[in-house]
Amino acid sequence: MSERRKPYPFDQIEPKWQTDWDERSAFRAPNPGDPDFDPNRPKFYILDMFPYPSGAGLHVGHPEGYTATDIVARYKRMRGFTVLHPMGWDAFGLPAEQYAIKTGQHPAITTRENIAKFKTQLKRIGFSYDWSREISTAEPDYFRWTQWIFLQIYNSWFNPETNCAEPISTYTGDDPNSVRLAYVAEVPVNWCPELGTVLANEEVIDGKSEVGGFPVVRRPMRQWMLRITAYAQRLIGELDGLDWPEGIKLLQRNWIGQSEGAVVRFAVTPGDVVAGEGVAGRSVDERLLSAGDCVPSYNSVSAHSIEVFTTRPDTLYGATYMVLAPEHPLVDQLTSEAQREAVAAYREQIASKSDLERTDLAKEKTGVATGAFAVNPANGERVPIWIADYVLMGYGTGAIMAVPAHDERDLEFARKFGLPIREVVQPAEGEAIGFTGDGVAINSPLLNGLPTAEAKQKIISWLEENGRGTRNIRFKLRDWLFSRQRYWGEPFPIVWRDGKHEALGESELPITPPALEDFKPTGTGEPPLAKAWDWIRYSENATRETNTMPQWAGSCWYYLRFCDPRNAERFVGIEAERHWMGGSQPAAVDLYVGGTEHAVLHLLYARFWHKVLFDLGHLSKPEPFQRLVNQGMILGEDGRKMSKRWGNVVDPLDVIAEYGADSFRCYEMFMGPLEQMKPWSMKGVEGVSRFLARVWRLVMEENQAGDWVLSGAVQDVALEKRQRKLMHASIKKVTEDIEALAFNTAISQMMVYVNEFTNAPVKPVAALRMLLVLLNPFAPHLTSELWATLNGQFPDAARDITDCAWPMHDPAYLVEDEAEMVLQVNGKVRDKMTMPIDAPQAEVEVAALTNPKVQELIAGKTVRKVVVVQNKLVNVVAN
RNA sequence: GCCAGGGUGGCGAAAUUGGCAGACGCGCCAGACUUAGGAUCUGGUGGAGCAAUCCUUAGGGGUUCGAGUCCCCUCCCUGGUACCA
């Protein structure tokens, strides 16, 4: 390819300014206690979602959000804020480990190389990060505090009285291990044989692993869990004060899945209970292992009654049968001799099914009667008890009351098995059986005539008075499965002695992973760390925990560490935390930009950890992220998702080599709204590059020798009136647009500004300076260079453009003295006229009605009405 | 299925409280300067029509003097979710 002449010498000026910024640490954010710390400046914390440094390097999607935050950071600095704008690496992760399995190269080496590559790319784009705060989650200096936070969680419990986490020492019950926020449980987990590890629910998509798309099976295993369910209520409630997209809040609310209703107790008909092992026979340990909300509470398991959860207690009279999940612990005791064989067969059939098969909505309902019966607590009716796999063990109590008249699933089941259907809510007009909406209760002696909402309240009160049920709130959210069978992650600061776990002291941190030759999973579910015999053996009678933490652990608190990244005494210094995470808003980080893919994973986990640390008195605010913005995905030029497979991946460095970093940045922002998905276009980059070249040529011209010199057209003269007006309109627009993160329209405005001056024979230096300041956050290299050049001939108080204060527009320059008004007849534009600004309505009407064009159109008609919108439009209605 | 967000020129997109639809950019057309143009500058560019004029914001209906914007219905796209009782 032939070397094309550059429209302006970005290849020289960009590295020059990047070096300059580096050398004088231009973007360093001083901490409290630093000599240059200024307590009078307000703080502003602007955070990017830090990347996982993959081998592929950055693609053009990464820098989209990074450019947006960089513009805001540079803008806020010019507005006098001390800006914390850091970058780091989410460095633990599966790809480096899998690469190690293939090649034997230690993940630490792979990771280090990838980080170097990422950093080179980011620096070449000219981001104003404070690189002195760079962190990597895989460094012992970092993960020792990840482990320390785990210890805080482990050594805490959630006190329902205070609705807060408290040190475990305040717990007065018998067994602290039963209430810790980090606990061990034998739970059915998502086991991925291919990856050799378990996965969190959130990491499983359609029965396959999110990473790699490998099959995932359910299997009971002993795992570390974090009791995030304790915070379900607060995680929903405290979203309210946050400046997040409503869609993301909703996503989190739905994921947490709060349902209000009642637990209703159905007595099992006495004669129907088959004598068997009583539940009392279960050991205490077994009960404790039953993982919080993952299985029904112990109370629900009684030989004499079955508890169900329902959001529609008002339909209790319509409950004509019950269904238990096949795995429900009561099934054995309930099943009659006659049904024993059928039940066993059904349970076996279910157990062999994969999750995918079980949740296949299209499939027909299946189930089998247990032969037992229960009593409907409302009407004393004897109802059959069935088991069916459409009832899930993992939600509610694992048992339901079936109301086929008002639940589609129950209806389908009842029809298939010939179970009775009784309507208890008057259907809305035209609704047939199966009506699931709200209405008026019927066939329900206690509730007849009551609308659904009232009927719910009444029946719950009645159930509570009679000891047959209680008001209850349930959540879909499950506790967080926190252990992984991997090598490349944080080891737990835990040892096992006599079959019991105990925490290591803080003084023993960090716990570093052992050196290993072989990173392969063992295939048995034993983590790779189990191969490190020496490492495991902690003492005579204690061994180390061999699981590691999931990748989320490091990213749960990295934004905290950025506040004080080199602190060797604390995870973050008290003063630094108070400064950067304080302020008047409900949450700590002022602006957080990243992809939607983290809407429920990272953002929920981080909020959870943050709340625990807040409850324990380590943080100033209960929420981490005040304003959240999701950038949209950038597609390839072909409109498809960028991937190697389609060959449509764009490398930022290629774009920068041809058009420069400023063009790259500006194009990324000019493409369209930040939040929107949009395709890449090299022609678009070229267009933006032309715009920047025009800016360059406003200030510079080529002399005879072909060198760029300050243009003779640049003169220290006053702006013409219209130029001044445009300048102030541009200040206003660009300022408002940056605040709103509407960078595409900010750039449009600057294009208009530049177009105006491109034609001017004389370029007033004040107009050029203003343009450079407005454009600086977007194109920092170009504007820095031109600013310096202007200073050569027209010295300015600000030697460097980054020393400039952001301008304010003067509204006085924006007022018009004339208004061009649109003339409409019957709503259609027919003409225009110029009127003095704020002309009296009567005057405008007369002017409109005497307009020849209007007269022509209303000739022979009667004017019914004249609508005047001040300074804008007149609409004459005539017929 | 349910929830959320979208649908505006050939393309990316603009459009305060309802008030000139298509700013800005790409592409395209024409011109200027040029040995040259894939540089730069100037003008044009939603569609139909010689024109006056008519049509046009996925489609249909409604409210209004006036609707891209508000209301109802339908279709399509994108993301999330999936028997959650």
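What you see below is based on every heavy atom in this structure, not just the backbone, and it leaves out hydrogens, waters and symmetry mates. Lettering follows sequence order; numbering is per chain, from 1. Note that the structure is predicted; figures quoted are calculated from it, not measured.
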F670(A) vs V877(A), nearer the 5' end of RNA chain B by closest nucleotide: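 By nearest-heavy-atom nucleotide position, the 5'-most residue is F670(A).
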5' precedence on RNA chain B between R694(A) and E408(A) (nearest-nucleotide basis):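 It is E408(A) whose nearest nucleotide is closer to the 5' end.
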Closest approach to the side chain of [X], judged atom by atom: which nucleotide of [options] is it?
X	options	answer
T758(A)	C83(B), C41(B), U53(B)	C41(B)
W255(A)	U40(B), A13(B), U81(B)	U81(B)
R690(A)	A39(B), U53(B), C83(B)	A39(B)

Per-nucleotide protein contact string for nucleotides 14-21 of chain B (B base, S sugar-phosphate only, - none; heavy atom under 4.0 Å): S--B-BB-
Expressed in angstrom and rounded to an integer, what is the separation of [X] atom [atom1] from [N] atom [atom2]?
X	N	atom1	atom2	value
E702(A)	C33(B)	CD	P	21 Å
K678(A)	G6(B)	NZ	C1'	14 Å
E686(A)	C26(B)	CD	C1'	10 Å
K861(A)	C65(B)	NZ	P	17 Å
I256(A)	C3(B)	CD1	P	20 Å
I858(A)	C65(B)	CD1	C1'	14 Å
F743(A)	G12(B)	CZ	C1'	18 Å
I385(A)	A85(B)	CD1	P	22 Å

Neighbour count >12 (heavy atoms, 6.0 Å) for atom CD, E408(A):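 Open: at most 12 neighbouring heavy atoms sit under 6.0 Å from CD of E408(A).
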Over 12 non-hydrogen atoms of neighbours within 6.0 angstrom of NZ in K249(A):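 Atom NZ in K249(A) is crowded, with more than 12 foreign heavy atoms closer than 6.0 Å.
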Distance-minimising heavy-atom pair for F266(A) and L316(A):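 Heavy-atom minimum between the residues: CZ-CD1, 3.8 Å.
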Conformer about C1'-N of G9(B) - syn within 90° of 0, anti elsewhere: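 Glycosidic conformation of G9(B): syn.
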Name the nucleic acid region contacted by [X], choosing base, sugar-phosphate or nothing; use a 4.0 angstrom heavy-atom cut-off, strictly under.
X	value
M677(A)	sugar-phosphate
S681(A)	nothing
L251(A)	sugar-phosphate
K732(A)	nothing
G687(A)	sugar-phosphate

With respect to the phosphate group of [N], does any side-chain polar atom (N or O) of [X] fall under 4.0 Å of OP1 or OP2?
X	N	answer
R253(A)	G80(B)	no
N755(A)	C41(B)	no
T397(A)	A85(B)	no
R830(A)	C54(B)	yes
R697(A)	C41(B)	yes
K828(A)	C55(B)	yes
K683(A)	G27(B)	yes

Salt-bridge present (R690(A), E686(A); N to O < 4.0 Å):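 Result for this pair is yes, salt bridge flagged.
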Exam field: side chain K476(A) to backbone N254(A), donor-acceptor pair closer than 3.5 Å: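 Indeed, once roles are kept as given, a pair shorter than 3.5 Å links the two residues.
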Main-chain N/O of P326(A) paired with R347(A) side-chain donor or acceptor, under 3.5 Å: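 Yes, the answer is positive, given that a donor and an acceptor are paired below the 3.5 Å cut-off.
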Take atom [atom1] in [N] and the same atom in [M], then report the distance between them in whole Å.
N	M	atom1	value
G19(B)	C2(B)	C1'	39 Å
A21(B)	G12(B)	P	23 Å
U17(B)	G68(B)	P	15 Å
G66(B)	A51(B)	C1'	28 Å
C76(B)	G25(B)	C1'	28 Å
A15(B)	G46(B)	C1'	16 Å
C41(B)	U57(B)	C1'	34 Å
C28(B)	U74(B)	P	43 Å

Near-ring test F691(A)/F670(A), centroid separation under 6.0 angstrom: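 That pair fails the under 6.0 Å test.
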Check against side chain to side chain contact (heavy atoms under 4.5 Å, CB included), V391(A) and L324(A): CA-CA 6 Å; V391(A) 174; L324(A) 306 192; over 6 Å; no
All stems with RNA chain B, defined as three or more consecutive Watson-Crick or G-U pairs under 3.5 Å: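 So far as stems of 3 or more pairs are concerned, RNA chain B shows B:1-7 with B:75-81, B:10-12 with B:24-26, B:27-32 with B:40-45, B:46-48 with B:53-55, B:58-62 with B:70-74.
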I747(A) CD1 to K733(A) NZ distance, which is reported to the nearest 0.5 Å: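 Going from CD1 on I747(A) over to NZ on K733(A), the span is 12.0 Å.
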Inter-residue atom distance T452(A).OG1 - R312(A).CZ, 0.5 Å rounding: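 Output value for this atom pair is 4.5 Å.
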I400(A) and its side-chain contact (heavy atoms from CB on, under 4.5 Å) partner, picked from L392(A), V323(A), I306(A):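 Option passing the side-chain contact (heavy atoms from CB on, under 4.5 Å) with I400(A): V323(A).
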Side-chain donor/acceptor of K365(A) to base of C83(B), under 3.5 Å: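 Looking at the base of C83(B), it does pair with a donor or acceptor on the side chain of K365(A) (distance under 3.5 Å).
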NZ or CZ of K365(A) within 45° of Y390(A) ring axis and under 6.0 Å: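 Cation-pi check for K365(A) and Y390(A): passes.
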Y8(A)/M700(A) under side chain to side chain contact (heavy atoms under 4.5 Å, CB included): CA gap, chis, key distance, verdict: CA-CA 10 Å; Y8(A) 74 97; M700(A) 310 296 280; over 6 Å; no
